[in-house]
Enquirer: 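Following this message is one structure expressed as structure tokens.
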Amino acid sequence: MANNRRIRVLYDEAAIAGRNREIAEAVAATKPVDLLVVAVLKGSFMFAADLIRAMHKAGLSPQVEFVHLSSYREATVSSGQVEILRDVQSEVAGRDVLLVDDILESGRTLTFAKDLLAARGARKVMSAVLLEKPGKRAVAITPDFVGFVCPDYFVVGYGMDVAHSYRQLPFVGVIETDDQPGFDGI
Ligand code: IMP
Ligand code: MG
């Protein structure tokens, strides 16, 4: 897909930064023990990078790790299967873990990651998602921290992509198409 289509801004830089500060404060308020942040690659990389800096400012000193999961491949419709492309290398037993993901949609990705870390003996597995799309859940899961409840559009930017394009955008937006006209019609 060409990457020069018009994008409508859904959540701008200032709004995202504000929510990151609030989420970081809320995580700090849980008084986490031996906190390990696990960013779910790839889509969460920008959110995670900003969130951990906000966490530093909120007085936290987490360790930071990555797991690379894939359920989407290059399609925009979930295949329903989750695969580990790169596993966490840290010991998680006895620790508080904060999973960081970009979007909670069917819930399969986050549930898979949560179950994986719980099975390895994490003391507590919390989750922070930048966006939650309601009404799309195939698996019951409630994230601990949510940036924004998002309309049911395929969104891009702030790390999120279509076939690896648009990740660089500093905001979250919607590609304008005839089927998906951004804010028009909301
Ligand atoms: P779930 O397993 O259906 O909850 O899928 C969530 C994952 O699908 C997210 O972590 C994203 O990587 C991807 N995803 C879902 N919706 C979108 C979207 O609108 N834009 C980009 N990626 C998406
Ligand atoms: Mg993802």
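Both counts, for ligands and for their atoms, begin at 1 and track the order of listing.
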Enquirer: Atoms of ligand 1 less than 4.0 Å from Gly107 heavy atoms?
Expert: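 Listed by number with element: 1 (P), 3 (O), 4 (O).
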
Enquirer: Among Val82, Val156, Thr109, which residue places a heavy atom closest to atom 2 (O) of ligand 1?
Expert: Thr109

Enquirer: Salt bridge (charged side-chain N to carboxylate O under 4.0 Å, His left out) between Arg86 and Glu65: does it pass, once the steps are laid out?
Expert: CA-CA 11 Å; Arg86 181 214 184 263; Glu65 253 273 28; 3.4 Å; yes

Enquirer: Looking at Asp102, which atoms of ligand 1 are within less than 4.0 Å of one of its heavy atoms?
Expert: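 Result: 9 (C), 10 (O), 11 (C), 12 (O).
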
Enquirer: Does Ser106 come within less than 4.0 angstrom of ligand 1, counting non-hydrogen atoms of the residue?
Expert: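 A heavy atom of Ser106 does come that close to ligand 1.
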
Enquirer: Taking atom OG of Ser90 and atom CD of Gln63, what is their separation to the nearest 0.5 Å?
Expert: 6.0 Å

Enquirer: Among the heavy atoms of Tyr153, does any lie under 4.0 Å from an atom of ligand 1?
Expert: yes

Enquirer: Answer with side chain, backbone, both or neither: which part of Lys133 has a heavy atom less than 4.0 angstrom from an atom of ligand 1?
Expert: side chain

Enquirer: Report the part of Val155 (side chain from C-beta onward, or backbone N, CA, C, O) that has a heavy atom under 4.0 Å from ligand 1; answer both or neither where that applies.
Expert: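 Answer for Val155: both.
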
Enquirer: Under a 4.0 Å threshold between the charged nitrogen and the carboxylate oxygen, would Arg120 count as salt-bridged to Asp87?
Expert: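 A salt bridge is present here (some side-chain N lies under 4.0 Å from a carboxylate O).
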
Enquirer: Identify which of Ile103, Leu130, Ile175, Leu104 has a heavy atom lying nearest to atom 18 (C) of ligand 1.
Expert: Ile103

Enquirer: So is Asp161 polar-close to ligand 1, meaning N/O to N/O under 3.5 Å?
Expert: no

Enquirer: Could you tell me which atoms of ligand 1, counted from 1 in the order shown, lie closer than 4.0 angstrom to a heavy atom of Asp101?
Expert: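 Those qualifying, in numeric order: 10 (O).
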
Enquirer: Would Cys150 and Val155 satisfy side chain to side chain contact (heavy atoms under 4.5 Å, CB included), going step by step from the backbone distance to the final call?
Expert: CA-CA 9 Å; Cys150 175; Val155 298; 3.9 Å; yes

Enquirer: Taking all heavy atoms of Phe45 and all of Arg167, pick out the closest pair and write down the distance.
Expert: CE2-CD, 3.7 Å

Enquirer: Aromatic rings Phe47 and Tyr158: how do their planes relate, parallel, tilted or perpendicular, breaks at 30° and 60°?
Expert: tilted

Enquirer: Looking only at heavy atoms, which two atoms of Lys114 and Val125 are closest? And how far apart?
Expert: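 Distance-wise, the nearest heavy atoms are CE-O, 3.3 Å.
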
